[in-house]
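Below: the structure, in structure tokens.
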Amino acid sequence: PYFSHPNMVYRDPIIRISAIGALSELAKGDLLRDVEQIIGLVQNSLTDEEPAVLFYALVVLRDLVV
């Protein structure tokens, strides 16, 4: 399970953590308007083997709902 974009796959855990962490900050600030564009990335992150990626994916989901 890798953090993926339609054109890219990120095997480096630091990149995956950074990307989902950035989404987490945007969700926290209520700055994500088109959730359909990122929900696939968040779903992929829920099965990541890196605990920090999973943590931030859950934070994104929490902040999108609240």
*To the nearest 0.5 Å, what is the distance between CG (Leu41) and CG (Asn44)?*
6.5 Å
*Return the minimal non-hydrogen interatomic distance between Val53 and Ser45, and the atom names on each side.*
CG1-CB, 3.7 Å
*Contact check, side chains of Leu61 and Leu46, non-hydrogen atoms, under 4.5 Å*: yes
*Rounded to the nearest 0.5 Å, what separation is found between the CG atom of Asp48 and the CD1 atom of Ile20?*
9.0 Å
*So, do Leu23 and Tyr56 sit near enough that their side-chain heavy atoms are less than 4.5 Å apart?*
no
*For Ala57 against Val42, the heavy-atom pair lying closest together*: O-CG1, 3.9 Å
*Could you give all pairs that pass the salt bridge (charged side-chain N to carboxylate O under 4.0 Å, His left out) test and reach residues 28-45, with sequence neighbours left out?*
Asp30-Arg33
*asked:* Assigning hydrophobic clusters by single linkage (Ile, Leu, Val, Met, Phe, Trp, Tyr; side-chain heavy-atom cutoff under 4.5 Å), is Leu31 placed with Val59?
replied: yes
